[in-house]
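Read the structure below first, then the notes.
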Amino acid sequence: MPYEPQKIEPKWQKEWEKAGIFKVRPTKDKPKFYCLEMFPYPSGKLHMGHVRNYAIGDCLARYKRMQGYNVLYPMGYDAFGLPAENAALEKGVHPKEWTFGRIEEMRKQQKRMGFSYDWDREIITCVPEYYKWNQWFFLKFYEKGLVYRAKATVNWCPKCNTVLANEQVVNGRCWRHSDTIVEKRSLEQWFLRITAYAEELLKDLEKLKYWPERVKTMQKNWIGKSIGTEFEMQVKDMDEKIKIFTTRIDTVYGMTFVVLAPEHPLVEKLVKGTEYEEDVKRYIAEAKQKTEIERSAEDKEKTGVFTGRYAINPFNNEVVPIFVGDFVLPHYGTGAVMAVPAHDQRDFDFAKKYDLQIRPVVFPEDGELDGNNMEKAYEEYGILRNSGEFSGLHSKEAIEKMTSWLEKKGIGKKAVYYKIRDWLISRQRYWGTPIPFIKCPKCGFVPVPEKELPVELPENVDFKAGGNPLATNKEFVDTTCPKCGGKAKRETDTMDTFFDSSWYFFRYCSPKEDKIPFNKEADYWMPVDQYIGGIEHAILHLLYARFFTKALRDIGLTNLNEPFERLLTQGMVLKDGAKMSKSLGNVVDPEDIINKYGADTARFFILFTALPEKDIEWSDEGVESCHRFLNKLYNFVERNKDRVKFELIKKSKLGLIDKAILSKTETTVKGVSEDMENYRFNFALAKLLDLLNLLCKFEDKINDNVLGYSLKKLVTMFAPFTPHIAEELWHMLSFKSFVSIESWPKQEPDYINKEAEQALDYLEEVRKDTLEVLKLTKIKEPKKITYYVAPEWKKKALSKLLKIFKERPDFNAGMKALLKTPELTEHRKEFEQIVKYMVKHFGEYLGKEIINEAKILEEFKKELEKEFGCNIVIASADKATGRATRAMPLKPGILVE
RNA sequence: GCGCGGGUAGGGAAGUGGUCAAACCCGCCAGACUCAAGAUCUGGUCGCUUAGUGCGUUCGGCGGUUCGAAUCCGCCCCCGCGCACCA
C-alpha cells in the first residue's frame, strides 16, 4: 500500500474525534498548558498565514500533551465586523447568514488540517450568549468610571462609514483601507479610559520576559511616556496663562518665542479684536484643511503666524513673541511649546524661516556655540551658560533644580505625559455589539439595567438606507427610559470589534457558562501559556487585551495582571518575495495543497522551512520534497513492519552498527526534545530526517529489535508535526493506542555511545576504501585484509596530549602547557596536526572520559569480518612501509592478500 | 533620525569560541535500478588535489582579542520591519 494521505488523514481525524482524545477538563493530576492562537475573522477561506499560525500552535499543543500536560487548545471566530456588513450591501445576504456560512467553511478547512482543538469550547463572538458579556463589561466599566462619552475630534473613515480608534489609523489612513485617507470630524463618542492604565501597561512590559523585544518596543513607543516639566507663562497685558510642557527645561533661558497649536483654545482669545485676528484665522482654517498626512509629512517646511501677543519667561522675565504653528500637535503635551531654536531642530527651522533669535545656553563641555552661525540645533546635554543662577550646572542637574524652582514659586512642576489616548470604542455600524445605553431626553444617557441584558441585535434592518442600519429598526430604537419611564431611544452605535477579542481567551475556559462571563475554570487555565499570532496585532489587539485584563482585575473578576505569558509572533508566508495577496496573484490556496499532497505535507513544509518567527518563502519544490520525504518514511516502515521486534535489548549482544543506531536514536531524542523546548521545529525535523536517512542506509544490517526500538521513537516524535502519518505508522507497527496521546520519548542515557556513532562513520569510509582496493586488485575472495593504523609516535603524542588535558580541565591552560613542551619544537607541524585531530574528534571528551580506542578497534574488526568474510588484521602502520605511515588512527592503509 | 531584527556555499536555512569547509532541504552532477522517463536508492557538489580525516581560500567589509573566530569586541556598509515634527 502506498502512502495515501487523502485516505489516512480523514480516517484518523474521525478516529480522534470519536475517541474524544482532545477534549479537556481541569485536573489536579497534570500541570496545565494553555496554548492559544489568535482566533480568525471568518472570511471563509483559510490562507497560508492561518495555516502557519495553527501548524505552529498545533505542533506545540500536541508536543505538550505528549509531555503530560493538560493542554487547553481551543478555536473560535471573531465574527463581528465590517466585511459581513459589506456582503449584505453587495450581495444582499444578511450579515448573520453570511458570517455563519463563512464560519462553517472555515471550520471545515481547519478540521481537514487535523488540528487538535477541543471543538466543544468553540466561541463565536456574534451570538448573544457571547456579546451579552461585552455589554455587561461595558456597564461594569461605566460604573468604574472607565467608560465615558465625550465630544472629540475623531478619525472618520469615509469608506467604513464610521469612526476609528487612534490605533486603527496607520499613516493617516484607515487600517482596513490603505488607500483611504482618514478625515477629522468632531463628534460625541464613547471612550474607554485606557489612559488610566498607561503607566501600568508600560511598566508591566518589563515583566513580559517571553515576549519578543520588537512587540514590547512597539507598545512602549505607542504609550510614549515622557517625563518633563510643566509650567505657566503669563501672557503680557492679558489675564491669561499659557501652560507649557518641556523635557528640556534646562534650555529655558534660550527661549526666544512660544508656539501654540492651531487648535489651542487660547488662540482665539489672544487675537480677538486685534489687527492679527484675520491672518491667524486664515492660517487656522488652512491648517484644518490639511489632512494628518500633509501636516506630518516629512521635511515639510514649518509654517506659522505671529499672534501679536507676547508671553513672559518666568525665569528671566523676558518677553517673547507668541506664534501659532501647525507643527505643534494639539493632542500632545499642553499643545503649546516653548521654542528654543538653539537646542531644538524644529524650533531652529522655524526661527530660520521667520528670522527669530537663536540663543545658545547649553554648551558642550569643551566647545563653543555661536547663535549667529549655527547650522543646526545643539540637542545634546551640556553645561549651562547665560542662565542666571543656574549657569555652570550640567543639564541633568539643571533640569532638577529648575523644576523645583518653579515648584517653589507655584507656577510649575514635574510632569509626565503619554502619547496614548483613550480608546474610542463606538462605531456607527450594524454588525457589532449594541452599546447598552438608552438616550432619554430628560435623563440623558442611561445604562440598560443588567437584568435586561443582552440588548439583542435586531435582524430586521435596512442596509441600503445609509447611515447606521440599526437606526432603521423602530422597534429596536424606540424604548422607555429605565430611570424615568418616559419615551426614550436606544443607542444605535455598536462596539469596536476589538472589544470582543479583548477577553475571548477568558471565555474559552468556560464557554458555556451563562451566569457570569467566565467561571472558576479560568483560575485554573489562565494565563495563556503560549499565545501565537501575527505581528500585525503587536499594538491593537495585544494592548487592548492587556488593558482589559487589568480592568477585569480591578472589577474583581481575576487576579491576573497580564493575560499572555509567552508570545510568539510568527513570520509571514511569502511567495516570490512578497506577501501573498490577491492583487499580486501569488496566492497559494491551502486547500489545493491538502488535495494534492495532504495536510501532513503542508504542515511539514511550513514547520521545516524556517524558524517560526521568520518569514518563509513558499516553494513548490520544497513542498514536493517534503511530500517525498513522508513517502520515504511511510515506505520504510511499511517494508519493515513485519520484521521489527520490540523486545528488551541486551546491549552486550549488539554489534557496532546496532550500538551506533541505538545511540543515534537517543541523541536524536535528546536533540529533538531540546529543539521542541526552544520552538526550533525546523531543526527538530532536520534531526528526524537525519535519523531516518541513517536507518535507510543500514536498513538490512540492523537488528530487528534495535530497528523496532528506533522506529517506535521516531514515529512518536513525528506525531506533533505530521500527526496523521504518524498515527498510521504507529498502528502499522501494531500498536493499538493513539500515538497522539502517547508519552513523548525519554532518552535512555545508557544507550548513548558517541564512539560507536563516530566509528560507524569511519566504518563506512573503511568499507568504501576496501571495496575500491578489492576492485583495483581484482581479488574477489580475499583471505586476509590488513589495515594499518597510526604510527606509534603519533599514538604516544596523542596519549601525552590526553594526559595533559586530563590533568587540566581548563582546555586553554592545557593548550598553553602543551605549547611549552619540548616535543613541540621538534615536530611542530605534526603536533599541529594532532591538535587539530584531537580537537576534531575528541573535543567532547576533553576533561571527561577518554575514548577507548582498543575496544572500538575490536568492534571494527568484527564488522569488517562480517562484511568481507575473511581474516582481518589491524596493525600499526609503523610496521608497514610507504603510504600507510601517513594514515591517522582508524583510517587504514589497506593490504589485501 | 530613533528602535528592533537581519546579512552564512547556486537558492532556502542551521550554526553563537575548538569533533566547522559549515546540519538539513531544494537545485545541479555522477552511479545503481529501468527498454526509457519518472519515482526510489547511492555518492559528489568552494578551489587545488586525490595517496590522504591533505593543502589553500571562505561565513557583508575593515581592524582587534585568542594557541584557535562564522561565533567575542570596535568601526563601517547593505537589507527588512516598526515609530517618527511627541516639545
Side-chain angles (χ1 to χ4, degrees), chain A residues 2 170-171 212-218 220-222 224-226 228-229 244-249 251 259 261 295-300 302 325-329 331-340 343-347 349-350 379 417-419 535 538-539 572 605 608-611 613-617 619-626 628-629 631-632 635 671 675 680 682-683 685-690 693 696-697 699 754 758 761-762 765 768-769 811-812 814-816 818-819 832-833 835-846 882-884 886-891 893:
Chain A
V170 182
N171 292 329
E213 217 42 58
R214 189 152 71 118
V215 174
K216 287 196 273 186
T217 312
M218 282 164 81
K220 211 164 153 183
N221 289 342
W222 186 261
K225 178 181 183 174
S226 58
T229 309
I244 301 281
F245 174 66
T246 177
T247 54
R248 291 296 303 274
I249 191 71
T251 64
V259 189
R295 221 170 129 173
S296 64
E298 212 171 332
D299 341 303
K300 199 204 65 151
K302 289 177 182 42
D326 69 2
F327 75 94
V328 177
L329 302 172
H331 305 295
Y332 187 73
T334 58
V337 300
M338 65 174 214
V340 185
H343 303 295
D344 183 291
Q345 192 56 43
R346 294 156 300 174
D347 301 346
D349 295 342
F350 194 89
E379 295 184 319
Y417 277 89
Y418 299 90
K419 274 196 266 178
I535 186 75
I539 296 173
M572 290 188 294
F605 171 77
F608 180 56
T609 303
L611 285 171
E613 300 85 355
K614 289 207 177 179
D615 290 349
I616 59 177
E617 173 71 32
S619 137
D620 293 330
E621 290 87 4
V623 177
E624 192 87 41
S625 85
C626 291
R628 275 207 302 273
F629 178 82
N631 243 314
K632 184 173 169 176
N635 292 335
D675 290 334
R680 298 188 301 200
N682 55 332
F683 208 20
L685 278 167
K687 289 193 173 93
L688 293 175
L689 301 199
D690 218 19
N693 284 337
C696 285
K697 208 173 191 172
E699 183 167 356
K754 282 276 175 190
Q758 205 155 54
D761 287 345
Y762 298 149
E765 297 264 331
K768 247 170 45 200
D769 290 353
F811 188 57
N812 273 332
M815 209 62 212
K816 277 172 188 155
L818 169 74
L819 291 165
E832 274 173 7
Q833 272 182 26
V835 166
K836 230 174 175 176
Y837 172 84
M838 281 295 306
V839 162
K840 208 163 175 181
H841 298 289
F842 300 101
E844 245 183 59
Y845 298 93
L846 293 169
R883 49 167 79 163
R886 258 183 253 126
M888 293 301 254
L890 303 185
K891 182 66 188 182

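Proteins get letters first, then strands, A, B, ... in listed order; numbering begins at 1 in each. Worth knowing before you read on, the calculation uses all heavy atoms, side chains too, and leaves out hydrogens, waters and symmetry mates.
- Listed for the A/Asn682 side chain is no donor-acceptor partner under 3.5 Å among the backbone atoms of A/Phe608.
- Spacing between B/C62 and B/G44 at atom P, rounded to whole Å, works out to 32 Å.
- At the heavy-atom level, A/Leu611 lies under 4.0 Å from the strands shown only through sugar-phosphate atoms.
- The side chain of A/Lys632 lies closest to B/C41 when the candidates are B/C41, B/A14, B/C85.
- For the P atoms, the distance linking B/G7 with B/G15 amounts to 10 Å, nearest Å.
- For A/Thr217, the side-chain atoms get nearest to B/G3 when compared with the rest of B/G3, B/A87, B/A13.
- Rounded to an integer number of Å, the gap from A/Phe683 CZ to B/A22 P is 15 Å.
- Side-chain contact between A/Pro212 and A/Glu613 is absent, with no heavy atoms from C-beta onward closer than 4.5 Å.
- When the side-chain nitrogen and oxygen atoms of A/Asn693 are compared with OP1 and OP2 of B/C25, one or more of them lie within a distance under 4.0 Å.
- Comparing the P positions of B/A13 and B/G17 gives an interatomic distance of 23 Å, to the nearest angstrom.
- Regarding A/Glu699, its CD atom lies at a distance of 10 Å from the P atom of B/C41, rounded to whole Å.
- Closest to the side chain of A/Glu213, from the set B/C4, B/C25, B/C85, is B/C4.
- Within the nucleic acid shown, A/Lys687 has no heavy atom closer than 4.0 Å to any nucleic acid atom.
- Only the P atoms considered, B/G82 is 25 Å distant from B/G60, to the nearest whole Å.
- Residue A/Thr609 is classed as a sugar-phosphate contact, given heavy-atom separations below 4.0 Å to backbone atoms only.
- Pairing for B/U34 is absent, with no Watson-Crick or G-U wobble pair whose two atom distances lie under 3.5 Å.
- Residues satisfying the ring pair (Phe, Tyr, Trp, His ring centres under 6.0 Å) criterion with A/Phe350, sequence neighbours excluded, are A/Phe257, A/Phe323, A/Phe327, A/Tyr354.
- The pairing partner recorded for B/U50 is none, the criterion being a Watson-Crick or G-U wobble arrangement whose two distances lie under 3.5 angstrom.
- Residues that satisfy the ring pair (Phe, Tyr, Trp, His ring centres under 6.0 Å) test with A/Phe683, not counting sequence neighbours, are absent from this structure.
- Applying the salt bridge (Lys or Arg N to Asp or Glu O under 4.0 Å) rule to A/Arg214 yields no partners; only residues at least two apart in sequence or on another chain are considered.
- The main-chain N or O of A/Glu379 is found under 3.5 Å from a side-chain atom of A/Arg248 such that the two form a donor-acceptor pair.
- If you take atom P in B/C2 and the same atom in B/C76, they sit 11 Å apart, rounded to whole Å.
- Comparing B/C35 with B/G27, their C1' atoms are spaced 28 Å from each other, to the whole Å.
- With sequence neighbours left out, A/Tyr332 forms a ring pair (Phe, Tyr, Trp, His ring centres under 6.0 Å) with no residue at all.
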Produce the list of close N/O pairs, under 3.5 Å, pairing protein atoms with atoms of nucleotides 80-83 of chain B; give distances to one decimal.
from, atom 1, to, atom 2, distance (Å)
B/C81, O2', A/Arg214, NH1, 3.1

Under 3.5 Å, which protein N or O atoms sit close to an N or O of nucleotides 26-29 of chain B? Give each pair with its distance.
from, atom 1, to, atom 2, distance (Å)
B/C26, OP1, A/Arg628, NH2, 3.3

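- Nearer the 5' end of RNA chain B, as judged by each residue's closest nucleotide, is the contact made by A/Glu617, out of A/Glu617 and A/Gly335.
- In this structure, NZ of A/Lys614 is placed 9 Å from C1' of B/G5, rounded to the nearest angstrom.
- B/G1 and B/U65 have their P atoms separated by 31 Å, with the value rounded to a whole Å.
- Not counting sequence neighbours, the partners of A/Lys225 by the side chain to side chain contact (heavy atoms under 4.5 Å, CB included) test are A/Glu199, A/Leu202, A/Ile227, A/Val416, A/Tyr418.
- Taking atom CD of A/Glu613 as the reference point, atom P of B/C4 lies 17 Å away to the nearest angstrom.
- Within the 4.0 Å cut-off from OP1 or OP2 of B/A87, at least one side-chain nitrogen or oxygen of A/Ser226 is found.
- With rounding to whole Å, A/Leu689 atom CG is found 14 Å from B/G12 atom C1'.
- Checked by atom type, the side-chain pair A/Lys419/A/Asn221 shows no donor-acceptor distance below 3.5 Å.
- Considering only residues two or more places apart in sequence or on other chains, A/Glu624 meets the side chain to side chain contact (heavy atoms under 4.5 Å, CB included) condition with A/Tyr597, A/Arg628.
- Annotation for A/Asp615 and A/Ala610: closest pair O-CB, 4.2 Å, computed over non-hydrogen atoms.
- Which of B/C24, B/G3, B/A87 sits closest to the side chain of A/Val337 comes down to B/A87.
- Within 4.0 Å of A/Lys220, counting heavy atoms only, lies no atom of the nucleic acid at all.
- Checking B/C4, B/A87, B/C24 against the side-chain heavy atoms of A/Leu329 singles out B/A87 as nearest.
- In this structure, A/Lys225 places its NZ atom 19 Å from C1' of B/C2, rounding to the nearest Å.
- Applying the Watson-Crick and G-U wobble criteria (two distances, each under 3.5 Å), B/G82 pairs with B/C2.
- A search for side chain to side chain contact (heavy atoms under 4.5 Å, CB included) contacts involving A/Asp690 returns A/Lys664, not counting sequence neighbours.
- On the P atoms, B/A70 is 13 Å away from B/A22, given to the nearest whole Å.
- Side-chain proximity of A/Phe245 to B/C41, B/C25, B/A87: nearest is B/A87.
- The interatomic distance linking A/Leu688 (CG) with B/C24 (P) rounds to 13 Å, in whole Å.
- In this entry B/G43 has B/C29 as its Watson-Crick or G-U wobble partner, both defining distances falling under 3.5 Å.
- A/Asp349 places its CG atom 16 Å from the P atom of B/G1, with the value rounded to the nearest Å.
- In this structure, B/C20 forms no base pair with any nucleotide, since neither Watson-Crick nor G-U wobble geometry is met with both distances under 3.5 Å.
- Contact annotation: A/Lys216 side-chain N/O to B/G3 OP1/OP2 distance is not under 4.0 Å.
- The closest side-chain heavy-atom distance from A/Val623 to A/Glu621 is not below 4.5 Å.
- Counting any heavy atom pair closer than 4.0 Å across all strands shown, A/Asp690 reaches sugar-phosphate atoms only and no base atom.
- With a 3.5 Å ceiling on both atom-pair distances, B/U57 lacks any Watson-Crick or G-U wobble partner.
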